[in-house]
There are 2 protein chains.
Amino acid sequence: MSNKSKAVAPKGYRAEEYPPFAVTADIVMLTMRQGRLSVLLVARGEEPYKGEWALPGGFVRPEESCTEAAARELAEETGLDSFGGHLEQLQTFDDPVRDPRMRVVSVAYLAMLPDLPLPQAGSDAAGARWFAVDELAQENIGLAFDHAKILEAGLERVANKLEYTSLATCFVPEPFTITELRHVYEAVWGISLDPGNFRRKVLATPGFVQPTGDSAADRQGRPASLYTAGGETMLHPPILRS
Amino acid sequence: MSNKSKAVAPKGYRAEEYPPFAVTADIVMLTMRQGRLSVLLVARGEEPYKGEWALPGGFVRPEESCTEAAARELAEETGLDSFGGHLEQLQTFDDPVRDPRMRVVSVAYLAMLPDLPLPQAGSDAAGARWFAVDELAQENIGLAFDHAKILEAGLERVANKLEYTSLATCFVPEPFTITELRHVYEAVWGISLDPGNFRRKVLATPGFVQPTGDSAADRQGRPASLYTAGGETMLHPPILRS
DNA sequence: CCAAAAGTGTTTGATTTACACCCATGG
DNA sequence: CCATGGGTGTAAATCAAACACTTTTGG
């Protein structure tokens, strides 16, 4: 912040003469589709990286915060009036050469939402598609810019936050069963969890989920009780990745 | 990132015509002084907020990353050739009106280092001073810009990271005793920990600390064994804040 | 009645917590 | 020899992991 002119600064350096930086908000938007953790990507229509897949995002406008820019982009990409899911700042990527055109600092965001009807025509992103994240690795799909690094940071953040927050509820459409909630952990962590112990852990945490009183009768087997998210995303004792 | 020109964008909007953003790196630099968690602040020499205390920091230069900018500022403020402590990105603060002069996006960093001979003359920051963080709150010392929010985010990050990483070793000059290390946790968390149990926890974690074989004979009572940091900052089972 | 999934009980072992106790030094 | 802090031992309580078992539905 402090813009004091420094004795040690290079010849004639003054803040006002600095070449401009561009700032973008790029979004790692995750959901669960068919039991797999999936990320929304858009096909780039222009150079550089024309035709390659990239994270949705765009330039931050002068009068809006980066978070507002991310929410705006998200609404455009999903075709919804406003983005209702969870949105948090992830990390800022600022390698001076991450964009070949100019100096662009990217404030990356992490968004989570339950599986939706896909981004449709009329939205900004005709070329938008969900990719299962394991599919990306297997099929060696490269991402534009440093977006592979951004995605990796997002996946790591999600995996860690599941452990000690109730964030997993963002991925499941309400009302949900405890088993559906458990599938989120299993997909993100790539392991299986003991159904009984998981159930007890979640129900023993006040505020994690709220029973609706209803049951899901569509499946085979004993009908499962339905729950909604407890409210605010909260911290709690860890669900262990065993 | 994607700079596709959008149908929905405002009239005539093109990325190239965007008013420039300035980008700064601001640093929450923490140390332990006289058993208290302390933060380095500098007195602002110019408007706005002239005379008020602010976090050290400055504008990012076109050819350097924000991390490099932070490390450079840090070296200048501490008067050292290079900053040797721990430095990590904290969070980006981007409220459009956080700086009254222009649109400034601040990429905040968190730095930790053992108590040093104070920043001296010859350094950039003649007006730099350490403040115990509890003193700041008690004496109602306001910070310039949104630096109070940045500091708060830094303190929260440190408190959380102590729990599951070996970061505390950054705060103590080597070689250190287990008790000195425990004092870091006690100061940051504002609680007291059982000395015996703490000792066992740390020593049971491979790679947390390394015994030097020496003992500290300067204190009263039985001499304490001395240790150095185990190497890289690492994850480990939690030290519980009980 | 059987298969399948939900949900509960229970045993075993590990971890945490609290606190008593011994050790090594300076004064 | 005593005060002081370093360091170890240990029993009780709590928690996690594994897995057997009961419940409730559809076919």
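Given the structure is predicted, the values throughout are model-derived calculations rather than measurements. In what follows, chains carry the letters A, B, and so on, assigned in the order in which the sequence lines appear, proteins first and then strands, with residues in each chain numbered from 1.
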| Can you check whether B:Pro238's main-chain N or O pairs, donor with acceptor, with B:Lys201's side chain at less than 3.5 Å? | yes
| Will you find, in the side chains of B:Asp26 and B:Ser106, an N or O donor that is under 3.5 Å from an N or O acceptor? | yes
| query | For A:His183, which residues count as a ring pair (Phe, Tyr, Trp, His ring centres under 6.0 Å) partner, sequence neighbours excluded? | reply | none
| said: Run A:Phe208 and A:His236 through ring pair (Phe, Tyr, Trp, His ring centres under 6.0 Å) and show every step you take. | reply: CA-CA 8 Å; A:Phe208 199 150; A:His236 59 70; 4.9 Å; yes
| Short side-chain to backbone donor-acceptor contact, A:Arg98 and A:Val105, under 3.5 Å | no
| query | OP1, OP2 of C:dG7 versus side-chain N and O of A:Ser225: anything below 4.0 Å? | reply | yes
| query | If you draw the axis of the six-membered ring of A:Phe198, does the NZ or CZ of A:Arg200 fall within 45° of it and under 6.0 Å from the ring centre? | reply | no
| field | Salt bridge present between B:Arg72 and B:Glu76 (N-O < 4.0 angstrom) | value | yes
| request: Starting from C1' on D:dC15, measure out to CZ on A:Phe198 and report it in whole angstrom. | output: 17 Å
| Considering all heavy atoms of both residues, which atom of A:Phe171 and which atom of A:Val184 are nearest to each other, and what is their separation? | CD1-CG1, 3.6 Å
| request: Dot-bracket notation for DNA chain D is requested: 5' to 3', Watson-Crick or G-U wobble pairs only, both distances under 3.5 Å, with ( ), [ ], | and . as defined. | output: |||||||||||||||||||||||||||
| Counting distance only, does the side-chain N/O of B:Asp146 pair as donor-acceptor with the main-chain N or O of B:Lys149 below 3.5 Å? | no
| request: Look at the side chain of B:Arg157 and the backbone N and O of B:Leu90, then say whether any donor-acceptor pair between them is shorter than 3.5 Å. | output: yes
| Would you find a donor on one side and an acceptor on the other, under 3.5 Å apart, between the side chain of A:Glu186 and the backbone of A:Leu193? | yes
| Could you state the CG-P distance from A:Asp214 to C:dA6, rounded to the nearest angstrom? | 17 Å
| query | Is the backbone of B:Arg36 close enough, under 3.5 Å, to the side chain of B:Ser38 for a donor and an acceptor to pair up by distance? | reply | yes
| Nucleic acid contacts - residues 199-211 of chain B versus DNA chain C, non-hydrogen atoms under 4.0 Å | B:Arg200, B:Lys201
Provide a list of protein-nucleic acid N or O atom pairs under 3.5 angstrom, restricted to nucleotides 24-27 of chain C.
from: C:dA24; atom 1: N3; to: B:Arg222; atom 2: N; distance (Å): 3.4

| message | Short of 4.0 Å, heavy atom to strand atom, which residues of residues 164-197 of chain A count as contacting DNA chain C? | response | A:Thr179, A:Gly196
| message | According to salt bridge (charged side-chain N to carboxylate O under 4.0 Å, His left out), who are the partners of B:Glu156, at least two apart in sequence or on a separate chain? | response | none
